[in-house]
Amino acid sequence: LEQKQILAQYRGWGGLSKVFDEREGGIVREWRAALRKALTEEEYDAASASTLSAHYTSPQIIRSMWEAVGKFGFTGGKVLEPSMGVGHFFGLMPSEFAENSDLTGIELDSITGRIAKQLYQNANIQNVGFEKAVLPPEFDLVIGNVPFGKSTLVDKSGDESLKGLRLKGAGGTSRRAMMIHNFFFAKSLMKTRPGGLMVMLSSTGTLDSNRDRHIDFMKENGADLVGAVRLPQDAFKENANTGVTADILVFQKRREEAEEGGQKWGETTEYDTADGHGSVVASTYWEGNGKGLVGEIIHSKMRGQDSRR
């Protein structure tokens with residue numbers, strides 16, 4: 001038990017990006033040398049790559065997400081965490097849900113994935129990138145904190161039901177790859193059963209983007225937005241030593257032959273920045289759903305999206 005408690009404290013590399021920056025000298029150079037000595041070349045490269053998207057979630061946020069899951073009627077079932085880290089969402093799952101659930105987790109980083117397997121030995125954990133994960137289309141709940149970033153992904157699992165997430169469509173027509181956070185939503189949706197829930201924490205780009213094709217894809221495949229909360233930019237500061245604005249998004253997959261429902265989403269417009277020196281594109285969702293904002297909305301170009309305080 002004590003060893004598991006120690007392993008559960010692992011927070012990943014998201015707050016240590018400077019250590020992997022070869023331009024950094026001084027004590028940071030010494031830390032970098034120590035890491036290279038401690039890790040294999042493959043582990044070091046994976047850790048370095050993960051700094052762009054490893055934003056581990058605070059227990060308070062995770063508990064609030066599980067509370068929301070319960071309010072939407074979930075009592076147990078098949079649960080997927082598509083980017084699990086060491087499994088904090090599994091660890092903080094209410095016991096009344098856990099005793100009635102089968103858990104599946106996906107984690108790319110090898111060190112993190114091996115820790116997760118030790119912590120949750122009865123779960124089905126795949127140490128592989130989500131784009132390569134082979135999964136059944138039957139999950140009652142998908143929950144977690146998806147990777148944020150500017151990189152793109154396409155499905156590489158070979159699953160024919162996911163051909164809409166590949167670069168080549170029917171007749172060889174080409175498609176754009178989705179941003180990494182939007183890809184996680186799109187693939188998760190395809191693996192959620194009709195009536196099932198997706199409760200995930202994502203970059204503001206999932207709602208605010210008007211350039212990615214994920215919105216049309218998700219609507220066409222039955223994603224109804226039933227709730228959203230936008231968090232302040234310091235929501236990850238204590239647990240992952242990083243500042244990023246994020247949204248908790250709750251989707252329900254439409255049942256077959258049901259009409260589109262939920263809240264209106266997927267529309268964007270330009271907003272003037274707070275300093276008056278330009279504009280940014282952002283979702284119109286918050287105009288009618290201000291109760292979901294934690295803090296004050298301040299549009300700024302400094303972060304590429306908007307920031308909160």
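- Cation-pi check for K264 over Y285 is not met; the charged atom does not lie both under 6.0 angstrom from the ring centroid and within 45 degrees of its normal.
- The 12-atom threshold is exceeded at CD of E99, counting heavy atoms of other residues, nucleotides or ligands nearer than 6.0 Å.
- Between the side chain of T206 and the backbone N or O of S202 there is no donor-acceptor pair closer than 3.5 Å.
- Within the model, atoms NE2 of H181 and CG of L201 stand 12.5 Å from one another, a figure rounded to the nearest 0.5 Å.
- Remark: side-chain polar atoms of S283 are not paired, donor with acceptor, to backbone N or O of T268 under 3.5 angstrom.
- Using modelled atom types, no side-chain atom of Q126 and backbone atom of V128 make a donor-acceptor pair closer than 3.5 Å.
- Closest non-hydrogen pair, L165 versus A186, comes out as CD2-CB, 3.7 Å.
- Side chain of D247 to backbone of L249: no donor-acceptor contact under 3.5 angstrom is found.
- Remark: the backbone N or O of E24 is paired with a side-chain donor or acceptor of R32 at under 3.5 angstrom.
- Contact record, S157 with L162: OG-CD1, 3.8 Å, taken as the closest heavy-atom pair.
- With rounding to the nearest 0.5 angstrom, the CD atom of E287 is 3.5 Å from the OH atom of Y271.
- In the model, E81 has no side-chain atom that pairs as donor or acceptor with a side-chain atom of Y120 under 3.5 Å.
- Within the 3.5 Å criterion, the main-chain N or O of Q118 finds a donor-acceptor partner in the side chain of Q121.
- Interatomic distance, NZ of K191 versus CE of M198, reported as 13.5 Å (0.5 Å rounding).
- Contact detail for Y44 and V19: the closest heavy-atom pair is OH-O, 4.5 Å.
- In the hydrophobic cluster analysis, where Ile, Leu, Val, Met, Phe, Trp and Tyr join through side-chain heavy atoms closer than 4.5 angstrom, F185 is grouped apart from M179.
- Note: K187 NZ to D155 CG = 4.0 Å, rounded to the nearest 0.5 Å.
- Geometrically, K71 does not engage W66 in a cation-pi contact, judged by NZ or CZ lying under 6.0 Å from the ring centre and within 45° of the ring axis.
- With hydrogens and angles disregarded, a donor-acceptor distance shorter than 3.5 Å links the side chain of D140 to the backbone of K78.
- A donor-acceptor contact shorter than 3.5 Å links the side chain of N127 to the backbone of E107.
- Both F217 and M200 are assigned to one and the same hydrophobic cluster, defined by single-linkage of ILVMFWY side chains at heavy-atom distances under 4.5 Å.
- With hydrogens and angles disregarded, no donor-acceptor distance shorter than 3.5 Å links the side chain of T112 to the backbone of D109.
- Between F251 and W265, the gap from one ring centroid to the other is short of 6.0 Å.
- Considering all non-hydrogen atoms of both residues, P194 and R255 come closest at O-NH1, 3.7 Å.
- For K156, the NZ atom is loosely surrounded, since the number of other residues' heavy atoms within 6.0 Å does not exceed 12.
- Counting heavy-atom neighbours within 6.0 Å of E42 CD, excluding the residue itself, gives a total of 12 or less.
- Here the side chain of S101 pairs a donor or acceptor atom with the backbone of G77 at under 3.5 angstrom.
- Residue Q252 comes nearest to G195 through the heavy atom pair NE2-O, 3.0 Å, listed as atom of the first residue, atom of the second, then distance.
- Across R230 and L207, no two heavy atoms sit closer than the pair NH2-CB, 4.1 Å.
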